[in-house]
Amino acid sequence: MGTVYEVADPADPRLADYVALTDVELRRRKEPAEGLFIAEGEKVIRRALAAGYPMRSMLLSPRWLDAMRDVIEAADASVYVGGEALLEGVTGYRVHRGALAAMARKPLPPPGELLATGRRLAILEDLVDSTNVGVVFRGAAALGIDAVLLSPRCADPLYRRAVKVSMGAVFTIPYARLEPWPAALAEARAAGYTLLALTPDERAVPLHQVPSAALERCALLLGAEGPGLSPRALEAADLRVRIPMARGVDSLNVGAAAAVAFYAVTTR
């Protein structure tokens with residue numbers, strides 16, 4: 001059973017994992033280097049535990065003690081309890097869900113392992129916005145994508161914002177970093193995947209017209225909003241595909257576009 005401690009000082013060194021959660025650059029350096037990430041909210045914490053991520057500690061407001069009692073009893077970790085002012089003083093923002101957990105990361109699988117076992121993949125190039133990464137992972141998990149591969153510059157799927165937006169879906173779908181980029185795309189092709197580059201270019205093939213054979217084992221390449229896929233990534237693709245648009249709309253948010261494309265390739 002986890003040991004419960006009341007805390008009153010935001011500078012308490014035992015709370016170091018939770019300090020300055022709104023400082024994006026600090027957290028991007030600190031969390032991977034120290035092998036941790038932050039899960040926020042009861043559902044996300046439970047999903048992280050169910051996915052096998054070990055808990056380092058938990059920080060709760062008093063009103064969440066009863067709701068998290070079973071988690072506390074099963075945890076082999078310290079549980080710190082403090083008022084909302086303390087939580088805000090430590091984290092830098094008002095913690096509306098009143099429950100945070102510092103979790104230990106698990107080693108990422110090698111890309112080849114995911115390429116060998118999957119059938120339909122998403123490959124993300126330079127999605128540096130954590131919200132977009134979280135949305136894409138949620139769609140991938142919900143719509144039957146087997147795994148996600150990330151270019152080296154993509155945002156961390158375990159960054160708090162990505163985890164929160166995905167509602168914990170980042171815990172349910174395997175992912176790996178694909179590098180060197182974009183040369184490593186050749187590894188996906190060698191594994192038998194057809195590389196489909198999603199682009200708003202009107203010269204690209206509408207998704208509903210892509211031959212079924214190309215979807216048997218495919219990887220959807222998705223680029224960041226604004227620049228889209230780089231010229232080198234587009235050149236590495238086997239086929240450029242697009243979502244047909246109406247009313248003069250030229251493109252969708254990358255999360256929305258990903259969901260449409262995932263549905264299109266997994267239901268054919």
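The structure presented is a predicted model; accordingly, all values stated were derived computationally and were not measured.
Distance alone, capped at 3.5 Å, is enough to place a donor-acceptor pair between the R105 side chain and the L36 backbone. At least one donor-acceptor pair under 3.5 Å links the side chain of R47 to the backbone N or O of M167. In terms of modelled atom types and a separation under 3.5 Å, the side chain of R177 and the main chain of C154 share a donor-acceptor contact.
By the 6.0 Å contact criterion, CD on E6 is open, its count of non-hydrogen atoms from other residues, nucleotides or ligands being 12 or less. Within 6.0 Å of CG on D70 lie more than 12 heavy atoms contributed by other residues, nucleotides or ligands. Atom NZ of K106 has more than 12 neighbouring heavy atoms from other residues, nucleotides or ligands inside a 6.0 Å radius. Other residues, nucleotides and ligands contribute over 12 non-hydrogen atoms within 6.0 Å of the CZ atom of R14.
R161 and T131 are linked by a side-chain donor-acceptor pair at a separation below 3.5 angstrom, with hydrogens and angles left out of the test. Between the side chains of W181 and E125, at least one donor-acceptor pair of N or O atoms lies under 3.5 Å. Between the side chains of S151 and E179, no donor-acceptor pair of N or O atoms lies under 3.5 Å.
Between D146 and R119 there is no salt bridge, since none of the side-chain N atoms of the basic residue sits less than 4.0 Å from a carboxylate O of the acidic one. Between R189 and D238 there is a salt bridge, since at least one side-chain N of the basic residue sits less than 4.0 Å from a carboxylate O of the acidic one.
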Exercise. Please test R63 against E84 for salt bridge (Lys or Arg N to Asp or Glu O under 4.0 Å), starting from the C-alpha separation and ending with a verdict.
Key: CA-CA 10 Å; R63 64 189 178 92; E84 292 184 4; 3.5 Å; yes
